[in-house]
2 protein chains.
Amino acid sequence: MQRKKPDIDRVFHALGDPSRRAILEKLSQGPISVSKLAEPLQITLAAVVQHLKVLEESGLVQTEKVGRVRTCRLEPAGLSVAAEWIGARRSMWERGLDRLGDLLAEPDEKWREKPPRP
Amino acid sequence: MQRKKPDIDRVFHALGDPSRRAILEKLSQGPISVSKLAEPLQITLAAVVQHLKVLEESGLVQTEKVGRVRTCRLEPAGLSVAAEWIGARRSMWERGLDRLGDLLAEPDEKWREKPPRP
DNA sequence: GAAATACTTAAGTTGACACTTGACAATCGC
DNA sequence: GCGATTGTCAAGTGTCAACTTAAGTATTTC
C-alpha cells in the first residue's frame, strides 16, 4: 500500500533493521557517543549517523551535541508506542480466540455486511 | 549492515508495513478468508497473498486451506516475540535511566575496555 | 462439463533503503 | 596555529521489497 508514515509506522520500520536494533541494545546500557556506538558495528560512521537519524525521527532515541561530541540516549516513550500497539492487538487476539469456535462454525458475514433486520 | 534474518528480524520487518498491520488488525477480529481480507484494502489480491506469505513466515499468522478457500488466523506466539524484545529493552532502559547521572558524570570506559587491576 | 470462484505463480517495474566514498566543518589538545 | 578527533553532508551504487498484470490451477455450482 505504501501510504504516508504516521508515528507507529516509523517506529516499527526503525525496529525492523538489525543494525538499528544493535544500536538500541547498546544504548540500553546507557548514553554513549556516536563513534563509540559505531565501533563494534561493522559499518561506517556515516552509516551509523544515518541510522541514528531514523531512530531519532521515530522517537526512539534522543541526541544532544556538546562540543564536537554527540551523545545519544534512549527515549523510553518511543518504545511504548510499539508496546501499546502490540498490547492492544494481543488482547483483541485473545478475546478473539475465545470466540474462535463460534466464528469457525458460523459463516463470516459477521463483520462485513449487516443483513436487514425485518 | 543487512545480515541474514533471525526470527525477531522477520517479525519486526513484517510489522513495519502498514498493509500488513492492517491485515493483522482485521485478523484480530477473527479468522477470515484471503479475499475477504483483501476487499477493504486498496491493493490486488496477489499483493495480499504476498503479504500473507511474509506474515506466515514471520510466525505472526497461520493459514489453512480447505477446498478452494484459505482461512487465515493470528498466531499469538508471533507477537510475543516482539513484545518480549521490547519488554527486555524497556527494563534495561529504565535501570539505565536510574544510573544516568553516574554515566554522564563518569568517562565512558565503563563497558568497552577494562583497565588492568594491579 | 462449462462457468464461476478463490486463490496461486511468474515476471516485470518502480521506488526505497542500507551502505560506501570522499570532501568538508567544528572543536579540542598542544 | 596545527594536527588530530568527531561528526556531517552529498552523491552514487546495488539490492530488496511492494505492487501490478497476466496467465494458470483447483474447487464448487449449475
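Since the structure is predicted, the reported quantities are computational estimates derived from the model, not experimental observations. Note on naming: letters A, B, ... go to the chains in the order of the sequence lines (proteins, then strands), and numbering restarts at 1 for each one.
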So Ile32(A) and Thr71(A), side-chain contact (heavy atoms from CB on, under 4.5 Å) or not? Walk me through it. CA-CA 5 Å; Ile32(A) 190 176; Thr71(A) 300; over 6 Å; no
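Between the CG atom of Leu37(B) and the C1' atom of dA6(C) there is a distance of 13 Å, given to the nearest Å. Across the protein-nucleic acid pair, His51(B) atom NE2 and dC7(C) atom C1' stand 16 Å apart, rounded to whole Å. Rounded to whole Å, atom C1' of dT21(D) lies 15 Å from atom CD1 of Ile43(B). The distance between atom NE2 of His13(B) and atom C1' of dA18(C), rounded to the nearest whole Å, is 13 Å. The CZ atom of Arg21(A) sits 15 Å away from the C1' atom of dA18(C) (whole-angstrom rounding). One can place CG of Leu55(A) at 14 Å from P of dC17(C), the figure rounded to the nearest angstrom. A straight line from NZ of Lys36(A) to C1' of dT5(D) spans 12 Å, rounded to a whole angstrom. In this structure, Leu45(A) atom CG and dC9(D) atom C1' are separated by 13 Å, rounded to whole Å.
For dT9(C), its base never sits under 3.5 Å from the side chain of Gln50(B) at any donor and acceptor pair.
Counting any heavy atom pair closer than 4.0 Å across all strands shown, Thr44(B) reaches a base atom.
Heavy-atom nearest nucleotides on DNA chain D were determined for Arg20(B) and for Val66(B), and the one closer to the 5' end corresponds to Arg20(B). Mapping Arg70(A) and Ala47(B) onto DNA chain D by nearest heavy atom places Arg70(A) closer to the 5' end of the strand. Comparing Arg68(B) and Val49(B), the nucleotide of DNA chain C nearest to each residue sits closer to the 5' end for Arg68(B). Both Gly67(A) and Ala46(A) lie near DNA chain C, and the one whose nearest nucleotide falls closer to the 5' end is Ala46(A).
Ring-plane geometry between Trp85(B) and Phe12(B) is classed as perpendicular, the angle between the planes exceeding 60 degrees on a 0 to 90 degree scale with a lower cut at 30.
In terms of phosphate contacts, Lys65(A) brings no side-chain nitrogen or oxygen within less than 4.0 Å of OP1 or OP2 of dT27(C). Residue Ser35(B) places at least one side-chain N or O closer than 4.0 Å to OP1 or OP2 of dC7(C).
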Show every donor-acceptor pair shorter than 3.5 Å between a side-chain atom in residues 60-68 of chain B and any protein atom, with sequence neighbours excluded, or say none if there are none.
| unit_1 | atom_1 | unit_2 | atom_2 | d |
| --- | --- | --- | --- | --- |
| Thr63(B) | OG1 | Glu56(B) | OE1 | 3.4 |
| Thr63(B) | OG1 | Glu56(B) | OE2 | 3.1 |
| Thr63(B) | OG1 | Arg70(B) | NH1 | 2.7 |

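A heavy-atom distance below 4.5 Å is not found between the side chains of Pro76(A) and Arg90(B).
Between the side chain of Arg20(A) and the backbone N or O of Leu15(A), no donor-acceptor pair lies under 3.5 Å.
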